[in-house]
Amino acid sequence: MKLTIVGGGSTYTPEIVAGLVRLRDALDVTELALHDVAAERLDVLAGVSRRMLRAGGHPAAVTTHTDLAAAADGAGIVLVQLRVGGQDARLSDETIPLSCDCLGQETTGAGGLAKALRTVPVMLDVVEGVRKVNPDAWIIDFTNPVGIVTRALLRAGHDRVAGLCSAAAVFQRHFARILDVDPARIALDHVGLNHLTWERRVWLDGEDVLPRLLAEHAHRVAPATGLPAGLVRRLGTVPSYYLHYYYAHDEVVARQQEHGVRAQEVMAIEAELLRQYADESVTAKPELLTRRGGAHYSDAALDLMNSLLSGDGRTHVLNVRNGSTLPFLPVDAVVEVPAAVTADAVAPLPVDPVEPLVAGLIAHVTAYEDLALDAAVHGGRDRVFKALLAHPLIGQYAVADELTDLLLAANRDHLAWLR
């Protein structure tokens, strides 16, 4: 099987390659096609990928492409991991909101909107290009903001698309470590939107052990949420790390204003990773990659690929069309929930009713995402303003007005409707 990675020059690519080596008996990949518009980075990542595969005894050939059609032609699966504007754009996304005393984060708040404005049009073009030469391949969207991007692709008629985030896999392994059990024995009642999720039950061999986790191990559970252990106990659920941006917004902003934003750290990590990748003696995933983010990305991605190719019907936590899963949301919203995966479809599994504390924020952010998608597809200052005004982390008209002008000025080169 040919596996294509669009954005193959990403520093994440060795995560996937390491997974291919680890699962070489389960996933028959004969060609790894790396596509990127940055030819120099593409060559570096192709080099380290070849060395890793060879060192791991994996027979797959690595091919490089700057032409999308050639990369996608004949692929069984196309994984898309783009960052439009690179790390410089991320730094802008995270620092501009701070100047207005708002959260500086790349996938939510004002920074997340800026990323969506840049990314959605490019992703629509990329997937349309893939479909011209390969109408049947499954497309895995790992491009942030995953929920908005996946919704854009599904709305455009690209049904063989699944949005992927590693958050559930991270929690599964986190709980398994605390309980000292094999992660395969853990299943989650994971519900919400991309980067806005809660673990409502943690099943160990079919028994819900979340009450025990919170009663006995809250001090170990809580660090993965960014929230105090006492609050996690009171909630009775385990919120994703992104929820602390909502529940402790002013505290996070003050810390960012004093110590800087994550983008600054990532830029330094990426520069060093690229230097290591270019070293021909490097034949394994560098330890530094664990600090880049996206923990367990390869586990989640390759497990999903295996199910898509084999049609085994296994359950994966994915970003999928809502339908009637969360009845208080529009049918075409994209939710992050457990889904059954076959070779022909990804279908969300039924979930228990969502309590008001959770449902209210999910509905609020879904309304923002609808406005953000409208702005990304159609452009216009007024649409951007309305999306910012609707976001629960902004919500003040004067701040939304100022941020609109700042974000549009910073992204003028990336937004065709501004040129």
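Keep in mind it's a predicted model, so treat the numbers as computed, not measured.
For Y397, the OH atom is loosely surrounded, since the number of other residues' heavy atoms within 6.0 Å does not exceed 12.
Side-chain atoms of T95 and Q264 form no donor-acceptor pair, as typed in the model, at a separation below 3.5 Å. Side-chain contact, H195 with T107: a donor N or O sits under 3.5 Å from an acceptor N or O.
Among L188, V181, V209, the one residue that satisfies the side chain to side chain contact (heavy atoms under 4.5 Å, CB included) test with F175 is L188.
With respect to R131 and E128, no salt bridge is recorded, no charged nitrogen being found less than 4.0 Å from a carboxylate O. One finds a salt bridge joining D352 and R201 here, because a Lys/Arg side-chain nitrogen approaches an Asp/Glu carboxylate oxygen to under 4.0 Å. Between K2 and D73, none of the side-chain N atoms (NZ, or NE/NH1/NH2) sits under 4.0 Å from a carboxylate O, so this pair counts as no salt bridge. The pair K285-E15 counts as a salt bridge, with a side-chain nitrogen and a carboxylate oxygen less than 4.0 angstrom apart. Salt-bridge annotation for R151 and D332: present, with a side-chain N of the basic residue lying under 4.0 Å from a carboxylate O of the acidic one. Look at R90 and E270 and you find no salt bridge, because none of the NZ, NE, NH1 or NH2 atoms lies under 4.0 Å from a carboxylate O.
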When you look at R212 and E207, which way does the salt bridge (Lys or Arg N to Asp or Glu O under 4.0 Å) test go after all the steps? CA-CA 11 Å; R212 173 156 63 94; E207 176 193 358; 5.5 Å; no

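Relative ring orientation between Y246 and H391 is described as parallel, the plane-to-plane angle staying below 30° on a 0-90° scale split at 30° and 60°.
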